[in-house]
There are 2 protein chains.
Amino acid sequence: MKTSKDKNRIPEATMRRLPRYFLQIKRLLDEGSRYVSSKKLGDYLGVKGTQIRKDLSYFGVFGKARYGYETLSLAKAIKKILGLTKQYKMVIVGAGNIGRALASYSGFHTCGFDVKYIFDIDDKKIGNIISGVKVYDFNKIEEILDKGEIDIAIISTPENKALQAAQRLKDNGVNAFYNFTSAELNSIEDVFIEDAEISHGIFKLAHRLRGKWPRKESD
Amino acid sequence: MKTSKDKNRIPEATMRRLPRYFLQIKRLLDEGSRYVSSKKLGDYLGVKGTQIRKDLSYFGVFGKARYGYETLSLAKAIKKILGLTKQYKMVIVGAGNIGRALASYSGFHTCGFDVKYIFDIDDKKIGNIISGVKVYDFNKIEEILDKGEIDIAIISTPENKALQAAQRLKDNGVNAFYNFTSAELNSIEDVFIEDAEISHGIFKLAHRLRGKWPRKESD
DNA sequence: TAGATTGTTAATCGATTAACAATC
DNA sequence: TAGATTGTTAATCGATTAACAATC
């Protein structure tokens with residue numbers, strides 16, 4: 001496991017907030033706001049102004065005293081930080097309920113994430129078209145994918161197939177995984193993993209409902 | 001915003017790990033393991049043994065020196081902590097791609113989360129049955145729901161409808177929300193909110209692919 | 001017993017925030 | 001100018017982990 005002890009490393013907490021900053025700034029842009037202060041942006045998101053200024057300072061993003069941040073250039077800066085200036089090619093592995101929903105998810109396409117292939121092992125699904133994307137036989141994946149062609153794989157298989165699927169994708173040159181199963185993919189070396197297991201969130205809600213605190217992570 | 005400064009408060013970071021502990025222990029139970037050490041459990045999850053022992057100590061969960069933790073009683077303890085000993089009644093608001101996938105998501109039902117109603121405002125969807133659950137007219141929600149009947153609402157509407165939908169649900173006695181939209185629901189007072197916006201995760205992956213660090217949040 | 005593993009303490013590390021001089 | 005807001009420093013707060021006596 002390659003851990004960077006880089007002094008210039010971006011704090012994880014900052015990275016968790018950045019997508020929310022980005023989406024809120026896009027909303028402000030849509031409304032025609034030209035400037036936004038860290039205070040005002042923070043109020044929208046339940047974050048303190050100092051926090052936002054500090055987060056942005058890691059990236060050398062500068063506002064103007066008295067005016068705040070220019071929305072358009074801030075949006076561009078965060079877009080660059082988040083790596084949204086290039087296109088990403090994705091595959092979805094597992095054409096179940098979640099996989100199909102993700103294939104149709106508009107948020108990917110509008111931000112430069114293109115689903116190129118969907119894979120499954122079910123003959124009834126292979127050959128189908130989901131949101132304009134064809135379902136291929138996962139067992140023929142080596143014939144279909146060029147090495148290095150795919151940037152990100154979404155894993156939406158049954159839990160007990162997730163690890164072997166991800167490993168096989170890695171062997172084919174994929175090294176970023178968005179994992180929607182509850183499987184632990186930690187054992188795969190030298191790849192990026194983002195977990196998005198749905199039941200985790202509902203467990204946390206259940207805990208808070210029982211215990212009655214706190215309302216949000218950020219509280 | 002009611003923020004507990006309780007000294008006995010469970011750290012957020014602990015709460016984020018607990019669901020993963022729970023699922024891994026269930027896997028171990030399925031394999032027939034009767035005991036597991038904090039070291040071994042941690043190795044499965046990429047977490048240090050001390051971390052696990054500390055997390056569990058907040059809840060007064062005790063292992064046995066030399067043996068570790070008894071899997072069955074540990075599973076029961078975490079189940080209780082997470083509030084999974086009771087049933088939760090849910091509604092899904094928005095019968096789009098994500099809403100339909102969630103209605104069919106087996107992870108909810110098997111853990112005691114029951115989807116009672118699905119709501120939408122589209123006449124073409126109202127009256128349909130999705131995974132055995134009927135789609136109702138959101139505009140008649142007050143006639144359909146008894147106050148206090150519903151524990152958790154899943155928000156899977158378009159972004160620009162999310163806030164008003166959640167507010168209307170709150171007015172009908174719902175005070176926990178699992179938000180799958182990118183809308184910010186912070187402005188609703190005195191409710192529990194868990195965000196699960198899909199694009200946030202893919203943004204973080206894109207950032208790491210660009211910058212090449214770090215592989216996982218936990219690294 | 002011997003040794004593996006516990007729960008807890010204290011040290012370290014990282015993230016948040018109050019305070020404030022600089023500045024537009 | 002006057003005052004709002006910035007970027008940064010230093011203090012605080014919270015989370016992780018090394019160390020270790022206790023214990024099964």
Worksheet item: Of all the base pairs, Watson-Crick or G-U under 3.5 Å, which form stems of three or more consecutive pairs involving DNA chain C?
Response: C:3-24 with D:3-24
Check the interface with nucleotides 22-24 of chain C: list each N/O to N/O pair with the protein under 3.5 Å, or write none.
none

Worksheet item: So, is Tyr69(B) near the phosphate of dG7(C), with a side-chain N or O under 4.0 Å from OP1 or OP2?
Response: yes
Worksheet item: Okay, side chain of Arg100(B), backbone of Ala101(A): is any donor-acceptor separation there less than 3.5 Å?
Response: no
Fill in: Short N-O contact, Glu149(B) and Lys116(B), less than 4.0 angstrom
no
Worksheet entry | CA sep, side-chain torsions, deciding dist, call: Ile10(B), Phe59(B), side chain to side chain contact (heavy atoms under 4.5 Å, CB included) | CA-CA 9 Å; Ile10(B) 307 308; Phe59(B) 306 103; 3.6 Å; yes
Discussion item. Donor-acceptor check, side chain of Tyr88(A) to backbone of Gly83(A), threshold 3.5 angstrom: yes or no?
Written reply: yes
Practice prompt. Starting at atom CG of Leu56(B), determine the distance to atom P of dT5(C), rounded to an integer number of angstrom.
Written response: 16 Å
Item to complete: Under 4.0 Å between any heavy atoms, over every strand shown, what does Thr14(B) touch: base, sugar-phosphate, or nothing? Just pick one.
Response: nothing
Worksheet item: Within the side chain of Tyr178(A), is there an N or O that forms a donor-acceptor pair under 3.5 Å with the backbone of Ile198(B)?
Response: yes
Item to complete: Find which nucleotide of DNA chain D each of Pro11(B) and Val61(A) is nearest to by heavy atoms, and output the residue with the more 5' nucleotide.
Response: Val61(A)
Practice prompt. Look at Asp30(B) together with Lys26(B) and state whether they make a salt bridge at an N to O cut-off of under 4.0 Å.
Written response: no
Fill in: Quiz item: cation-pi between Lys40(A) and Tyr44(A), 6.0 Å / 45°
no
Worksheet item: Between Arg208(A) and Ile193(B), is there a donor-acceptor pair closer than 3.5 Å when you use the side chain of the first and the backbone of the second?
Response: yes
Practice prompt. Whole angstrom is fine here: how far is it from OH in Tyr35(B) over to C1' in dT5(C)?
Written response: 13 Å
Discussion item. Could you tell me how far apart Tyr58(B) (OH) and dT6(C) (P) are, to the nearest whole angstrom?
Written reply: 17 Å
Discussion item. So does Ile141(B) get a backbone contact from the side chain of Tyr117(B), meaning a donor-acceptor N/O pair under 3.5 Å?
Written reply: no
Worksheet entry | Integer-rounded Å distance: dA15(D) P and Glu12(A) CD | 16 Å
Worksheet item: Counting only side-chain N and O atoms of Ser37(B), is one of them less than 4.0 Å from OP1 or OP2 of dA4(C)?
Response: no
Response to the item:
Whole-Å distance, Phe62(A) CZ to dT6(D) P, equals 13 Å
Practice prompt. Report yes or no: does His207(A) contribute a side-chain atom to a donor-acceptor pair with the main-chain N or O of Ile81(B) at less than 3.5 Å?
Written response: yes
Worksheet item: Rounded to the Å, how far apart are Lys39(B) NZ and dG3(C) C1'?
Response: 16 Å
Worksheet item: In whole angstroms, how far is the C1' atom of dA15(D) from the CZ atom of Arg16(B)?
Response: 10 Å
Fill in: Under 3.5 Å: donor-acceptor pair, side chain of Asp151(A), backbone of Lys89(A)
yes
Worksheet, complete the sentence: Rounded to whole Å, CD of Glu70(B) lies from C1' of dT5(C) at a distance of 16 Å
Worksheet item: Do the ring planes of Phe138(A) and Phe119(A) sit parallel (below 30°), tilted (30 to 60°) or perpendicular (above 60°)?
Response: perpendicular
Using atom names, set out every protein N or O paired with an N or O of nucleotides 17-20 of chain D below 3.5 Å, distance rounded to 0.1 Å.
none

